[in-house]
Amino acid sequence: MSSSHFYSSITKKIIMSLMGLFLLTFLLVHLTLNSFLLFDKNLFNEGAHFMGTNPFIQVFQWVLFAGFAIHILYGIILQIQNWVSRPKGYKKRAWMEQSPFSKYMIYTGAIIFIFLAIHLGNFFFVKMGWVGNGVPELGGKEDMGQLVIDLFSNGGYVAFYVIMFLLMGFHLDHAFQSAFQTLGLNHPTYWGFIKGLSRVYAIVVTLGFVIIPLVIYFR
Amino acid sequence: MDLKLKIWRQASPTDKGQFVDYDVHNISTDASFLEMIDILNDELIEKGERPVAFDHDCREGICGMCSLYINGHPHGPEAATTTCQLHMRKFKDGETVVIEPWRAKPFPVIKDLIVDRSAFDEIIQSGGYISVTTGGVPDGNSIPINKEHADLAMDAAACIGCGACVAACKNASAMLFVSAKVSQFALLPQGKIEAHDRVKAMVAKMDELGFGNCTNTYACEAECPKEISVANIARMNREFIKAKLG
C-alpha cells in the first residue's frame with residue numbers, strides 16, 4: 001500500500017496527534033464533570049443538563065465524534081501500512097521500545113473503541129432514547145447521576161470499567177508525549193517536562209476515572 | 001569460546017530461505033563478531049560448503065556497510081556499536097546466537113545476511129544534497145554559523161546510513177535516517193535555501209519506497225550505532241510543517 005494514496009506519512013501523523021490532543025482535552029473535561037458525582041449528584045445533573053442542552057455543546061459533540069472517527073481511521077491506516085512495511089518478521093527480537101506502551105497502541109486503541117461503543121450504549125443512547133428505558137427522573141428533571149450510580153452498583157460492571165481505564169491509561173501514557181514529538185515540539189530544555197507531564201496526565205486521568213466507580217460501589 | 005549459531009541462509013532474492021545451525025569453536029574473546037564469521041566461513045569453504053554472505057567494508061565503525069540482526073538487536077546487544085566493532089567478549093561461552101538480515105519491505109534480502117539498502121540512496125538522491133554552482137572556493141568564515149547549530153548538524157551528519165533504525169523499528173520506519181539527513185542541512189545556512197523542497201521530496205520518496213510510519217517508540221535512537229537523537233525526527237516534522245505552510 002502506497003501512502004501517496006492518502007497523505008504523506010507525516011501529515012497523517014500530524015492529523016492523528018492533533019485529534020489525539022483534542023481527545024485528551026475532552027477526557028479532562030469529562031473527568032471533571034464525572035468527579036462532581038463524588039461530591040453532589042445534583043451538581044453532576046446540572047453539568048449533564050448543561051452538556052445536554054447548551055447549543056454550542058450540541059454542535060460541538062458532533063465535532064467530538066468526528067475527532068474520534070478521524071483518530072481511529074488514521075490509526076488503522078497507519079497501522080496497516082506499518083504491518084505491510086515488514087512482511088517477514090524476526091525470529092528473535094529484543095525489547096527496544098523506549099516508550100513502553102508505544103508497542104501496543106493499536107491494541108489498546110481497539111479495546112478503547114469497544115469500551116467507547118459500550119459506554120455510548122450505556123449513557124448517550126439511553127439519554128437519546130435509542131435504547132433502554134430512558135433516564136430516571138428526579139423532580140421532573142433527568143437524573144443522569146442516578147443512571148450512573150445504578151450502573152456502578154453492579155460489581156461486574158465496575159470491574160470491567162476499571163480494567164478498561166487501566167488499559168486506556170497505557171494508551172494515554174504514550175499518547176501525550178508522542179503527539180508533541182509528532183508536532184515537532186521536542187526541545188531539549190522542555191522534553192523531560194513534557195514526558196513527565198505525559199505520565200502525570202495518564203496517571204491522574206486513569207486514577208480519576210477508576211476511583212469514581214469504586215467510591216460509588218463501596219459507598 | 002564456543003558458540004552455537006543460528007544463521008539465516010538464503011541463496012537468492014527469490015529463495016525461501018531458512019535458519020541453519022552452526023557450531024564454532026575456540027573463538028578468541030578478542031575477535032570481532034565479523035572475524036568470528038570469517039572463521040566460520042573459512043571452515044565452510046574447507047568443507048566445500050557455501051560461505052555465509054554478509055556486508056562489511058571498513059571494519060572501523062564508520063562506513064555503514066555492516067549490518068546483521070544479532071540476538072534481537074541490530075548490530076548486536078552492545079549500545080552505540082556497529083557489528084564490526086562488536087567483540088566476542090560481549091557473548092557468553094556456549095551461548096546460542098541468532099543472526100538475521102535486516103527485515104523491511106524496502107530492504108529485500110539479496111543473499112543470506114545481505115540486504116539491498118539502495119532505498120536509502122534513492123532517498124538521498126531525492127533531496128539529500130545542496131545545489132552549489134562551481135567556482136572559486138569561498139572563504140570558510142564568510143558565512144557565520146551558530147556554534148550550537150554547527151554541533152547539532154555535525155551530530156546529525158554522524159549517521160552512517162546503515163539502516164539499523166529501520167531494522168529496529170517495529171514499523172520499519174526510516175524516519176531517523178531521513179530526519180538526520182534533513183537536519184544536517186536544515187541547521188546550516190547553505191542547506192536552508194532548499195530546505196522546503198528537500199524535506200517534502202525526501203519524505204515523499206521515503207513513503208513511496210514503502211517504509212513504515214513512525215509511532216515514536218524511540219527504538220531507533222536506542223539501537224543507532226551513532227546515537228542519532230530522535231530530536232532530529234521532531235526537527236524534520238517541524239521542517240515539514242514549515243514547508244507545507246510556507
Side-chain angles (χ1 to χ4, degrees), chain A residues 1-14 16-18 74-75 77-106 109 174-188 190-191 194-195 198, chain B residues 6 8 17 19 69-74 77 96-98 100-107 109 166-175 199-200 203-204 206-223 229-242 244:
Chain A
M1 183 187 290
S2 167
S3 53
S4 58
H5 295 149
F6 304 96
Y7 292 115
S8 76
S9 57
I10 297 180
T11 305
K12 287 199 286 281
K13 282 162 45 55
I14 288 168
M16 271 291 279
S17 61
L18 288 175
Y74 276 91
I77 292 171
L78 287 163
Q79 184 60 62
I80 290 172
Q81 288 182 329
N82 290 346
W83 279 327
V84 170
S85 297
R86 177 165 292 135
K88 181 165 178 58
Y90 294 104
K91 182 182 179 70
K92 184 173 180 180
R93 187 179 186 277
W95 183 280
M96 296 180 277
E97 283 70 24
Q98 303 302 299
S99 178
F101 303 113
S102 63
K103 208 172 171 179
Y104 307 112
M105 292 303 270
I106 191 69
H174 175 70
F176 190 104
Q177 51 85 20
S178 179
F180 279 79
Q181 166 79 1
T182 297
L183 294 172
L185 301 171
N186 178 333
H187 185 284
Y190 309 113
W191 189 235
I194 290 170
K195 286 216 282 196
S198 180
Chain B
K6 281 186 184 298
W8 180 259
F19 281 95
Y69 207 80
I70 304 162
N71 274 354
H73 290 276
T96 299
V97 181
V98 182
E100 303 175 68
W102 284 176
R103 294 290 186 194
K105 189 178 158 208
F107 286 169
V109 173
V166 175
C169 176
K170 75 178 182 68
N171 312 319
S173 168
M175 286 283 277
V199 69
K200 285 193 283 189
V203 169
M206 172 184 81
D207 291 346
E208 180 197 318
L209 290 165
F211 289 102
N213 306 289
C214 174
T215 53
N216 302 327
T217 72
Y218 314 131
C220 52
E221 181 185 80
E223 296 297 320
S229 167
V230 291
N232 288 301
I233 295 180
R235 184 178 297 105
M236 178 163 80
N237 292 342
R238 285 199 297 276
E239 289 292 321
F240 187 81
I241 293 167
K242 276 194 283 180
K244 284 286 183 185

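Naming convention: chains lettered A, B, ... in sequence-line order (proteins, then strands); numbering from 1 in each chain. Below, all heavy atoms of this structure are taken into account, side chains as well, without hydrogens, waters or symmetry copies.
With rounding to the nearest 0.5 angstrom, the NZ atom of B:Lys170 is 13.5 Å from the OH atom of A:Tyr90. With values rounded to the nearest 0.5 angstrom, B:Thr217 atom OG1 is found 11.5 Å from A:Met105 atom CE. A:Ile10 CD1 to B:Met206 CE: the interatomic distance, rounded to the nearest 0.5 Å, is 5.5 Å. Note that CG of B:Asn213 and CD1 of A:Ile80 are 11.5 Å apart. Values are rounded to the nearest 0.5 Å.
Proximity to chain B involves both the backbone and the side chain of A:Lys88, based on heavy atoms less than 4.5 angstrom apart. With a 4.5 Å cut-off on non-hydrogen atoms, B:Phe107 does not touch chain A at all. Of the atoms belonging to A:His174, it is side-chain heavy atoms, and not backbone ones, that fall under 4.5 Å from chain B. Neither the backbone nor the side chain of B:Lys200 comes within less than 4.5 Å of any heavy atom of chain A. Heavy atoms of A:Trp191 lying under 4.5 Å from chain B belong exclusively to its side chain. Both the backbone and the side chain of B:Ala231 come within contact range of chain A, with heavy atoms under 4.5 Å apart. Both the backbone and the side chain of B:Cys214 come within contact range of chain A, each with at least one heavy atom under 4.5 Å from a heavy atom of that chain. Proximity to chain A is absent for every atom of B:Pro77, based on heavy atoms less than 4.5 angstrom apart. The contact between B:Ile241 and chain A is made entirely by side chain atoms (from C-beta outward), counting heavy-atom distances below 4.5 Å. Contacts of B:Phe211 with chain A are made by backbone atoms alone, with heavy-atom separations under 4.5 Å and no side-chain atom involved.
Contact tally against chain A (heavy-atom pairs below 4.5 Å) for B:Asn71, B:Ile233, B:Leu209: the top residue is B:Asn71. For chain B, the option among A:Gln177, A:Gln79, A:Gln98 with the highest count of heavy-atom pairs below 4.5 Å is A:Gln98. Ranked by heavy-atom pairs under 4.5 Å with chain B, the first of A:Pro100, A:Pro188, A:Ser99 is A:Ser99.
Annotation: B:Lys6, atom NZ; neighbour count of heavy atoms from other residues, nucleotides and ligands within 6.0 Å does not exceed 12. The neighbour count for A:Tyr190 OH, taken as heavy atoms of other residues, nucleotides or ligands under 6.0 Å away, does not exceed 12.
Residues B:Pro106 and A:Ser85 approach most closely at CD-O, 4.1 Å, considering heavy atoms. Here the closest non-hydrogen pair linking B:Phe240 and A:Ser8 is CZ-OG, 3.1 Å.
Exactly one of A:Met96, A:Lys92, A:Arg93 qualifies for a side chain to side chain contact (heavy atoms under 4.5 Å, CB included) with B:His73. That residue is A:Met96.
Under the 4.5 Å side-chain criterion, counting only non-hydrogen atoms from C-beta, A:Gln181 is in contact with B:Val230.
If you check the side chains of B:Asn216 and A:Thr182, you find a donor sitting under 3.5 Å from an acceptor. With 3.5 Å as the limit, one finds a donor-acceptor pair spanning the side chains of B:Asp207 and A:Ser9.
Side-chain N or O atoms of B:Arg238 include one that pairs as donor or acceptor with a backbone N or O of A:Gly184 at under 3.5 Å. In this structure a side-chain-to-backbone donor-acceptor pair under 3.5 Å is present from B:Glu100 to A:Lys91. In this structure a side-chain-to-backbone donor-acceptor pair under 3.5 Å is present from A:Arg86 to B:Cys169.
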